[in-house]
Amino acid sequence: MSAVRLAVFDMDGTLLDSLPDLAACCRDILEQCGLPLLSDTQVRTMIGSGVQVLLERAFKASMDMQQAVTGHVPDLPFSTEEAVSRFMEVYTPRATRLSRLFPGTEEALLDLRAQGWALAVCTNKPEHAARRILADFKLTDLFAAVGGGDSFVARKPDVRHLLGTIVQAGGTPEKSVMVGDMPPDYLAAQAAGCPFVFACWGYGTAQQVRNPRLQAATMRDVPALLARCIPS
């Protein structure tokens, strides 16, 4: 029996427009530090490599703003690790307060399932938060696996994150496609030998992922594109 066809999706910027809640929580942490707040547009460019990297980028941008205005930057009142912990305490309960699925997402996922595809999530977001989001949108039963940023020993762009997710979903790299919007998604897929579909509606740009051959304009385009990647 041939291996199942598996569609692996990034979450932030691919399945979910999570920017409003991520940006709001970033501002909460920056306010606790007495630093200038960042706009949604500024935070948008910082998403994709997990919470710690998001906060590190936010701190740097905010501290640069502070220095430009005052000529000095105050010391942070807590460590990066503590900042991550505080962020998750704020973010996890409100992860879907303002965030929404991108248009056509649920329909595309249902179409793929009807066509015999298995589905998985491979996100640098912590697994607990990712599962909470899927549950809030009543999507949990559609996915065979959820590989979070803390599910394995490494996270995207490390190929072990994607390969571990594929194994959990019962797939193989040869029969899997990665759908994402940022360099970590592209690089993990490239290392795994999987086709990569760039999500044009997301937070990244085609130039950041080296202008991939396969690009979907909307989630509604994904099922037909994936069928061409790996025919039944």
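Residues: numbered from 1 along the sequence shown. As the structure is a computational prediction, the values presented were derived from the model and not from experiment.
- Across K125 and L22, no two heavy atoms sit closer than the pair NZ-CD2, 4.3 Å.
- Side chain of H161 to backbone of A188: no donor-acceptor contact under 3.5 angstrom is found.
- Inter-residue side-chain proximity for V179 and L226 is flagged as met; some heavy-atom pair is nearer than 4.5 Å.
- The nearest pair of heavy atoms linking C33 to F78 is SG-CZ, 3.5 Å.
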**Request:** Would you please test V177 and L214 for side chain to side chain contact (heavy atoms under 4.5 Å, CB included) and show each step?
**Result:** CA-CA 11 Å; V177 181; L214 301 172; 5.9 Å; no
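- Taking 4.5 Å as the limit, some side-chain heavy atom of C26 sits within range of a side-chain heavy atom of L54.
- M46 approaches A61 most closely through the heavy-atom pair CE-CB, 3.6 Å.
- The CZ atom of R113 lies 8.5 Å from the CG atom of D141; values are rounded to the nearest 0.5 Å.
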**Asked** Can you list the steps and then say if L38 with M65 is a side chain to side chain contact (heavy atoms under 4.5 Å, CB included)?
**Response** CA-CA 10 Å; L38 302 177; M65 291 167 58; 3.5 Å; yes
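- Between W201 and V222, the closest heavy-atom pair is CH2-CG2, 3.9 Å.
- How far CG of D136 is from OG1 of T96: 3.5 Å, rounded to the nearest 0.5 Å.
- Ring pair F198/F196 is tilted by interplanar angle, where 30° to 60° counts as tilted.
- Between R213 and P195, the closest side-chain pair of non-hydrogen atoms is not below 4.5 Å.
- Looking at heavy atoms from C-beta onward, I166 lies in side-chain contact with V8 at the 4.5 angstrom threshold.
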**Request:** Go through the steps to decide whether Q215 and V197 satisfy the test side chain to side chain contact (heavy atoms under 4.5 Å, CB included), and finish with yes or no.
**Result:** CA-CA 5 Å; Q215 300 187 28; V197 173; over 6 Å; no
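- Y203 pairs with exactly one of D181, D17, T45 by the side chain to side chain donor-acceptor pair (under 3.5 Å) rule, that one being D17.
- Heavy-atom contacts from other residues, nucleotides or ligands closer than 6.0 Å to CG of N211 number more than 12.
- The closest donor-acceptor contact from the side chain of T105 to the backbone of F102 lies under 3.5 Å.
- Contact check for Y91 versus S18: side-chain heavy atoms found under the 4.5 Å cut-off.
- By the 30° and 60° cut-offs, the orientation of the rings of F9 relative to F143 is perpendicular.
- With values rounded to the nearest 0.5 angstrom, M182 atom CE is found 8.0 Å from I47 atom CD1.
- The backbone N or O of Q42 sits less than 3.5 Å from a side-chain atom of S39, completing a donor-acceptor pair.
- Of all the heavy atoms in S99 and F137, the pair that sits closest is O-CZ, 3.6 Å.
- H72 NE2 to M63 CE: the interatomic distance, rounded to the nearest 0.5 Å, is 10.5 Å.
- In this structure, CG in N124 is found 10.0 Å from OG in S151, a value given to the nearest 0.5 Å.
- In this structure the side chain of L76 reaches within 4.5 angstrom of the side chain of L35, judged on heavy atoms.
- Rounding to the nearest 0.5 Å places CD1 of I29 at 9.0 Å from OG of S85.
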**Prompt:** What do the steps show when you test R86 against E82 for salt bridge (charged side-chain N to carboxylate O under 4.0 Å, His left out), and what is the final call?
**Reply:** CA-CA 6 Å; R86 290 180 180 225; E82 176 67 15; 3.0 Å; yes
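- Hydrophobic clustering, with ILVMFWY side chains joined whenever heavy atoms are under 4.5 angstrom apart, keeps V167 apart from V121.
- Looking at R220, its side chain never comes within 3.5 Å of a backbone N or O of A108 through a donor-acceptor pair.
- Under the 3.5 Å distance criterion, the side-chain polar atoms of D21 are matched with a main-chain donor or acceptor of L98.
- The two residues L142 and L109 make their nearest non-hydrogen contact at CD1-CB, 4.0 Å.
- Both V43 and I133 are members of a single hydrophobic cluster when ILVMFWY side chains are connected at heavy-atom separations under 4.5 Å.
- Look at E56 and K60 and you find no salt bridge, because none of the NZ, NE, NH1 or NH2 atoms lies under 4.0 Å from a carboxylate O.
- No hydrogens or angles considered: nothing links the side chains of Y186 and K156 as a donor-acceptor pair under 3.5 Å.
- Cluster annotation: F87 is not connected to V53 through the hydrophobic network of ILVMFWY side chains, with a link wherever side-chain heavy atoms come within less than 4.5 Å.
- With S62 contributing its side chain and L37 its backbone, the two residues share no donor-acceptor pair below 3.5 Å.
- Counted by atom type alone, T218 and D221 present one or more donor-acceptor pairs between their side chains at under 3.5 Å.
- Checked by atom type and distance alone, the side chain of Q208 pairs as donor or acceptor with a backbone atom of T205 at under 3.5 Å.
- Between the side chains of D28 and Q32, at least one donor N or O lies within less than 3.5 Å of an accepting N or O.
- In this structure the side chain of V4 never reaches within 4.5 angstrom of the side chain of K175, judged on heavy atoms.
- Ion pairing of E127 with R131 is present here, as a side-chain N (NZ or NE/NH1/NH2) and a carboxylate O approach within less than 4.0 Å.
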**Message:** For a side chain to side chain contact (heavy atoms under 4.5 Å, CB included) check, start with the C-alpha distance between F152 and R160, then their side-chain angles and the critical distance, and finish with the verdict.
**Reply:** CA-CA 8 Å; F152 304 100; R160 290 174 291 178; 5.8 Å; no
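- In this structure, Q115 and S232 have side chains that are not in contact, with every pair of non-hydrogen atoms separated by 4.5 Å or more.
- Classification of R44 and D12 as a salt-bridged pair fails, no side-chain N sitting under 4.0 Å from a carboxylate O.
- One hydrophobic cluster, built from ILVMFWY side chains closer than 4.5 Å, cannot hold both V90 and L16; they sit in different ones.
- No chain of hydrophobic side-chain contacts below 4.5 Å, direct or via other Ile, Leu, Val, Met, Phe, Trp or Tyr residues, connects M178 to M219.
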